[in-house]
Colleague: 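First the structure, which I've put down as structure tokens, then a few questions once you've had a look.
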Amino acid sequence: MPSRRTRRGSSCATYVIVAIWGVGVPLAVLLQLVKHIPALGVPLLLVALAGSVLYGVRRMRKADQRRLDAERLIQVRQAQSREIVRYHTMSPSDFEHAIAYLCQRDGCTNVKVSGGAGDLGADVTATAPDGRRIVIQCKRYGPTHKVGSPEMQRFGGTCYSIHQAHIPVLATTSTFTVQATAYATAQGIHLYDEQALAGWASQTGPAPWHMTTAPAARPS
């Protein structure tokens with residue numbers, strides 16, 4: 001059976017480990033250590049003080065980071081809201097040119113606006129920075145006018161076979177029905193509702209050619 005001195009030495013060793021590695025060492029632990037090993041009093045107090053300071057600094061940094069993240073999120077949402085409002089004030093033709101501008105701004109070449117009668121669903125065409133062909137159909141709808149399955153199917157019937165799209169995109173200032181979303185996902189059509197479009201426009205979200213797969217729109 002271990003002697004009292006051995007048990008006391010083991011206990012003190014444990015206290016030392018806790019004091020060195022712990023943060024905010026409990027007062028009771030310090031008092032026990034000082035009681036058993038008086039010479040450790042000042043060093044342990046210094047260790048505890050340093051640990052408390054480091055812990056406080058880490059807490060402050062985390063709080064600052066959370067504050068910065070919250071401010072950044074607010075800025076992102078404000079920027080996106082401004083873009084949504086701006087697009088809703090445009091005519092369908094202006095909306096097509098606005099989409100063409102986004103493509104050109106973000107490095108596309110051969111950007112053309114061809115919307116109108118006989119466009120067969122290709123309102124905007126462009127060549128992505130990586131060389132792929134982009135075909136975009138634009139729907140400047142009101143917030144309550146959703147893009148439905150028939151419209152999506154008409155675009156799906158021409159974007160690949162007629163326009164040779166590598167990246168087919170349907171961009172709208174509204175949202176998509178559940179059926180339209182399901183069809184687009186199955187056909188690899190990239191969906192940009194008003195939120196995704198606002199993200200692209202404000203450069204807080206990805207452009208269509210930066211996505212590896214066609215995104216599923218938020219059905220509503």
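Since the model is a prediction, treat every value here as computed from it, not as a measurement. Computed from heavy atoms alone, side chains included, the values below leave out hydrogens, waters and symmetry copies.
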Colleague: Looking at Cys108 and Ala126, what are the two nearest heavy atoms and their distance?
Modeller: CB-CB, 4.1 Å
Colleague: Taking Ala128's backbone N and O only, do any of them form a donor-acceptor pair with His166's side chain (distance below 3.5 Å, no angle check)?
Modeller: no
Colleague: Please find the pair of heavy atoms, one from Val135 and one from His163, that lie closest to each other, and give the distance.
Modeller: CG2-CB, 3.7 Å
Colleague: Using the side chain to side chain contact (heavy atoms under 4.5 Å, CB included) criterion, which residues pair with Pro143? Sequence neighbours excluded.
Modeller: His88
Colleague: Do Leu191 and Thr181 come within less than 4.5 Å of each other through their side chains, counting heavy atoms only?
Modeller: yes
Colleague: Do you see a donor-acceptor pair shorter than 3.5 Å between the side chains of Ser91 and Ser93?
Modeller: no
Colleague: Taking all atoms of both residues into account, what is the closest heavy-atom pair of Leu102 and Ala201, and its distance?
Modeller: CD2-CA, 3.8 Å
Colleague: Is there a side chain to side chain donor-acceptor pair (under 3.5 Å) between Ser174 and Thr172? Walk through the geometry before answering.
Modeller: CA-CA 5 Å; Ser174 183; Thr172 182; 4.9 Å; no
Colleague: Quick one: closest heavy-atom pair of Tyr183 and Gly157, and the distance?
Modeller: OH-N, 4.3 Å
Colleague: Quick check: closest heavy atoms across Gly121 and Thr158, and the distance to 0.1 Å?
Modeller: CA-OG1, 4.4 Å
Colleague: Drop me the distance from Phe95's CZ to Asp123's CG, to the nearest 0.5 angstrom.
Modeller: 9.5 Å
Colleague: Should Met152 and Gln187 be marked as a side-chain contact (heavy atoms from CB on, under 4.5 Å) after you check the CA-CA gap, both sets of side-chain angles, and the distance that decides it?
Modeller: CA-CA 10 Å; Met152 193 68 67; Gln187 298 298 316; over 6 Å; no
Colleague: So which pairs with a foot in residues 108-117 pass side chain to side chain donor-acceptor pair (under 3.5 Å), sequence neighbours left out?
Modeller: Asn110-Thr127
Colleague: Which pair of non-hydrogen atoms, one from Tyr160 and one from Gly188, has the smallest distance, and what is that distance?
Modeller: OH-O, 3.3 Å
Colleague: Of all residues at least two apart in sequence or in a different chain, which pass the side-chain hydrogen bond (donor to acceptor under 3.5 Å, both in side chains) check with Ser161?
Modeller: none
Colleague: Who pairs with Gln104 by side chain to side chain contact (heavy atoms under 4.5 Å, CB included), at least two apart in sequence or on another chain?
Modeller: Val111
Colleague: Look up atom CD in Glu151 and atom CD in Gln137, then write down how far apart they are to the nearest 0.5 Å.
Modeller: 7.5 Å
Colleague: Calculate, to the nearest 0.5 Å, the distance between atoms CH2 and CZ belonging to Trp200 and Arg105 respectively.
Modeller: 8.0 Å
Colleague: Can you tell me how far CG of Leu197 sits from OH of Tyr192, rounded to the nearest 0.5 angstrom?
Modeller: 8.5 Å
Colleague: Tell me which pairs pass ring pair (Phe, Tyr, Trp, His ring centres under 6.0 Å) where either residue lies in residues 100-151, with sequence neighbours left out.
Modeller: Tyr141-His145
Colleague: Suppose we screen for salt bridge (Lys or Arg N to Asp or Glu O under 4.0 Å). Which residues come up paired with Arg132, at least two apart in sequence or across chains?
Modeller: Asp130
Colleague: Hey, quick one: are Ile136 and Leu120 part of the same hydrophobic cluster, counting side-chain heavy atoms closer than 4.5 Å, chains of contacts allowed?
Modeller: no
Colleague: Between atom SG of Cys159 and atom CG of Leu170, what is the distance when rounded to the nearest 0.5 Å?
Modeller: 9.5 Å
Colleague: Does the side-chain contact (heavy atoms from CB on, under 4.5 Å) test come out yes or no for Thr173 and Lys139, once each step is laid out?
Modeller: CA-CA 7 Å; Thr173 51; Lys139 297 292 186 184; over 6 Å; no
Colleague: Can you tell me how far the CD1 atom of Ile99 sits from the CZ atom of Arg140, to the nearest 0.5 Å?
Modeller: 12.0 Å
Colleague: Is there a donor-acceptor contact under 3.5 Å linking the side chains of Trp209 and Asp106?
Modeller: no
